[in-house]
Amino acid sequence: NAGVMQNPRHLVRRRGQEARLRCSPVKGHSHVYWYRQLPEEGLKFMVYLQKENIIDESGMPKERFSAEFPKEGPSILRIQQVVRGDSAAYFCASSLQGNQETQYFGPGTRLLVL
Amino acid sequence: DQQVKQNSPSLSVQEGRISILNCDYTNSMFDYFLWYKKYPAEGPTFLISISSIKDKNEDGRFTVFLNKSAKHLSLHIVPSQPGDSAVYFCAARFLGGYNKLIFGAGTRLAVHP
């Protein structure tokens with residue numbers, strides 16, 4: 001069974017460009033979570049989605065960031081007009097159900113903003 | 001506001017000995033705690049968890065202890081092996097909190113021969 005897949009693994013953008021990060025959950029999982037890790041810090045929750053619904057976006061910056069998990073295809077984390085402070089590792093996790101379920105993480109996308 | 005704290009950024013242990021990684025939390029609404037292990041350039045891997053209604057959970061070489069009155073948990077690895085060298089993250093989840101995990105900053109464990 002394939003685990004959580006994320007692509008690209010590395011992404012370089014110049015300030016002002018857009019970044020699109022993709023996440024394919026474990027087959028059969030319908031719950032997706034996005035986390036961000038800054039250097040030397042722990043992972044910080046950003047958003048929790050089920051198919052076609054955003055359940056909890058309490059960790060998402062109010063501007064420039066958006067996430068979706070369509071009925072078909074991967075979940076997308078989109079960052080518009082990137083700034084240097086967006087440089088981080090972005091991890092996606094998935095679970096079979098919501099509460100009381102272990103989250104399984106992907107390998108992450110390392111975003112570098114020049 | 002750091003609700004989950006791992007105060008030791010690093011730990012060095014000799015192979016075969018016990019590794020003890022510590023984690024403190026401040027929010028009494030946490031009902032479930034997890035430990036994840038992370039190698040460089042990889043995502044976190046689930047290791048072991050414990051519900052707030054228990055004080056101990058064991059899985060092979062890994063045991064997690066929870067002291068609710070002290071708001072403290074620890075991960076014991078016995079015996080430690082070189083392959084255990086990684087960053088260990090403690091995480092907590094709120095009761096009714098949509099499965100959102102709150103992570104500590106991590107402890108880097110080095111197991112040397």
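Every chain is numbered from 1 and lettered A, B, ... according to where its sequence line falls, protein lines coming before strand lines.
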field: Option in Gly104(B), Ala91(B), Gly43(B) with maximal non-hydrogen atom pairs under 4.5 Å from chain A
entry: Gly43(B)
- prompt: What pair of heavy atoms forms the shortest contact from Tyr35(A) to Lys100(B), and how long is it?
  reply: OH-C, 4.2 Å
task: Establish whether Ile76(A) and Val47(A) are linked, either directly or via other cluster members, by ILVMFWY side-chain heavy-atom contacts under 4.5 Å.
output: no
query: Would you say Leu75(B) and Leu11(B) are hydrophobically clustered, going by side-chain heavy atoms of ILVMFWY under 4.5 Å?
result: yes
message: With clusters defined by side-chain heavy atoms of hydrophobic residues (ILVMFWY) lying less than 4.5 Å apart, directly or transitively, does Trp35(B) cluster with Ile20(B)?
response: no
Val4(B)-Phe33(B) co-clustered via ILVMFWY side chain contacts under 4.5 Å: yes
message: Just so I understand: if I count every heavy-atom pair under 4.5 Å between each of Gln6(A), Glu41(A), Gln103(A) and chain B, which residue has the most?
response: Gln103(A)
field: Transitive ILVMFWY side-chain link Phe45(A) to Phe89(B), under 4.5 Å
entry: yes
message: Does either side chain, that of Tyr33(A) or that of Asn99(B), offer a donor lying less than 3.5 Å from an acceptor on the other one?
response: yes
message: If you count heavy atoms of other groups shown closer than 6.0 angstrom to CZ of Arg61(B), is the number above 12?
response: yes
- prompt: Is the shortest heavy-atom distance from the side chain of Lys38(B) to the side chain of Gln37(A) under 4.5 Å?
  reply: yes
message: Which one wins on heavy-atom pair count under 4.5 Å against chain A: Pro44(B), Gly106(B), Ala105(B)?
response: Pro44(B)
- request: Kindly indicate whether the side chain of Tyr36(B), heavy atoms from C-beta on, has any atom under 4.5 Å from the side chain of Thr102(A).
  value: yes
